[in-house]
Every structure is written in C-alpha cells, then in structure tokens.
Amino acid sequence: MNSPELLPILCYPDPRLHTVAQPVVAVDDRIRALIVRMLATMYDANGIGLAATQVDVHERLIVIDVSETRDQPMVLINPEIEWASDEKRKGEEGCLSVPGIYDGVERSVAVRVRALDGEGKSRVIEAEGMLAVCIQHEMDHLMGKVFVEYLSMLKRTRIKGKLAKARREAERA
C-alpha cells in the first residue's frame with residue numbers, strides 16, 4: 001500500500017497560522033482522507049499533535065498521539081473544552097510549526113473535551129498530563145494562536161530571528 005502524501009507544515013510567523021478555523025460541516029471522505037494525511041505528516045515529523053490550521057486547512061480538526069508506541073492516534077473534530085482544571089502547571093512545549101524551539105507555557109493540568117471522532121461519533125475525552133497539554137496546545141492552533149504568543153515580545157522576536165536564519169541556511173544548503 002502506498003504511504004499517504006505528506007502535507008507541508010506552515011512555519012511561524014506565517015500569517016496563515018493566525019486564521020481561526022471553521023467547524024467541520026460533515027465527516028465525509030474528504031475529512032477522512034485529510035485525517036490519514038495529517039497523521040502521516042505528524043508521525044513523519046515526530047510530532048505528538050497536529051492541527052489542520054498547521055497544514056493550511058482552516059477547519060476544526062486535530063490529530064494527536066502521545067503514546068510511547070506511536071500507534072494510538074486520536075482524532076478530535078470540532079473539539080470544545082467542557083471543563084478545565086483550576087490547577088495549572090508550567091511545562092516545556094514545542095511545536096511542529098516552530099521547529100527546534102521549546103519554552104515553558106502554563107496550562108490546565110486536566111481537561112474534559114467533547115468532540116467528534118474520525119467516524120463522526122460524539123465522544124467525551126477526560127485528559128490529564130501530556131494529553132491535556134497537547135489538546136490545549138492544538139486547540140489554540142484552531143483559534144489562530146501559536147504557543148510562542150504566550151512568551152514575552154523579546155522571546156518572540158528572538159525566535160523569529162532564529163527561524164529566519166535557519167530558513168536562509170536551509171535554502172543555501
């Protein structure tokens with residue numbers, strides 16, 4: 001069987017990353033094919049989560065796999081946080097759209113999310129730890145927000161400079 005075609009991942013500060021995603025209207029063959037390509041892209045990039053926004057599709061769709069074995073994909077379509085813990089924790093985050101950059105972001109330690117799965121069935125996910133952080137991070141993407149926006153302006157300016165330099169070096173190689 002052929003591997004699915006990988007999708008290009010937008011890199012910060014691409015303005016398309018700030019597009020607010022629209023709800024998925026129907027879980028049809030187009031969405032199912034997008035899910036397969038997004039999962040392949042996420043695994044290929046060694047990521048644990050990918051929002052459709054990051055591949056320039058502005059619909060409310062997220063794929064996640066925080067398992068050690070990388071074989072427990074989770075699909076969240078039109079996710080909504082129903083509850084988030086008051087307890088928050090600051091943890092290191094990275095992002096496929098901000099390659100090589102990691103910094104601390106404060107997030108709720110647990111969340112309850114209602115979403116459709118890849119079959120279009122409604123489900124509720126109660127998550128804590130890494131999964132809770134990943135869900136919140138990816139849902140930010142659907143709202144047009146990248147994790148570095150939680151950081152100071154100085155850090156964001158440095159990150160933009162680092163990424164621009166890395167792109168120039170890659171183009172010369």
Presence of salt bridge, [Y] and [X], under 4.0 angstrom:
{"X": "Arg37", "Y": "Glu5", "value": "yes"}
{"X": "Lys90", "Y": "Glu106", "value": "no"}
{"X": "Glu82", "Y": "Arg114", "value": "yes"}
{"X": "Arg167", "Y": "Glu169", "value": "no"}
{"X": "Glu128", "Y": "Arg112", "value": "no"}
{"X": "Asp140", "Y": "Arg107", "value": "yes"}

What I'd like to find out is whether the side chain of [X] reaches to under 4.5 Å of the side chain of [Y], using heavy atoms alone.
{"X": "Thr19", "Y": "Asp56", "answer": "no"}
{"X": "Ile159", "Y": "Leu151", "answer": "yes"}
{"X": "Glu80", "Y": "Val113", "answer": "no"}

Are more than 12 heavy atoms, taken from residues, nucleotides or ligands other than Asp86, located less than 6.0 Å from that residue's CG atom?
no

Relative to Tyr150, does Lys155 satisfy both conditions: NZ or CZ under 6.0 angstrom from the six-membered ring centre, and within 45 degrees of the ring's axis?
no

Spacing of [atom1] belonging to [X] relative to [atom2] belonging to [Y], to within rounding of 0.5 Å:
{"X": "Ile9", "Y": "Leu50", "atom1": "CD1", "atom2": "CG", "value": "5.5 Å"}
{"X": "Cys134", "Y": "Ile48", "atom1": "SG", "atom2": "CD1", "value": "4.0 Å"}
{"X": "Ile125", "Y": "Ile81", "atom1": "CD1", "atom2": "CD1", "value": "11.0 Å"}

I would like to know whether Arg89 and Glu87 meet salt bridge (charged side-chain N to carboxylate O under 4.0 Å, His left out); could you show each step before the answer?
CA-CA 7 Å; Arg89 191 169 301 134; Glu87 183 187 350; 3.2 Å; yes

Give me the atom names and distance for the closest heavy-atom approach of [X] to [Y].
{"X": "Val20", "Y": "Gln22", "answer": "O-NE2, 3.5 Å"}
{"X": "Ala127", "Y": "Ile135", "answer": "CB-CD1, 3.9 Å"}
{"X": "Ser85", "Y": "Val109", "answer": "OG-N, 3.1 Å"}
{"X": "Ser97", "Y": "Leu17", "answer": "OG-CD2, 3.8 Å"}

Could you tell me whether a side-chain N or O of Gln136 sits under 3.5 Å from a main-chain N or O of Ala132, the two making a donor and an acceptor?
yes

Give a yes or no answer on whether the side chain of Asp29 reaches the backbone of Arg32 with a donor-acceptor pair at less than 3.5 Å.
no

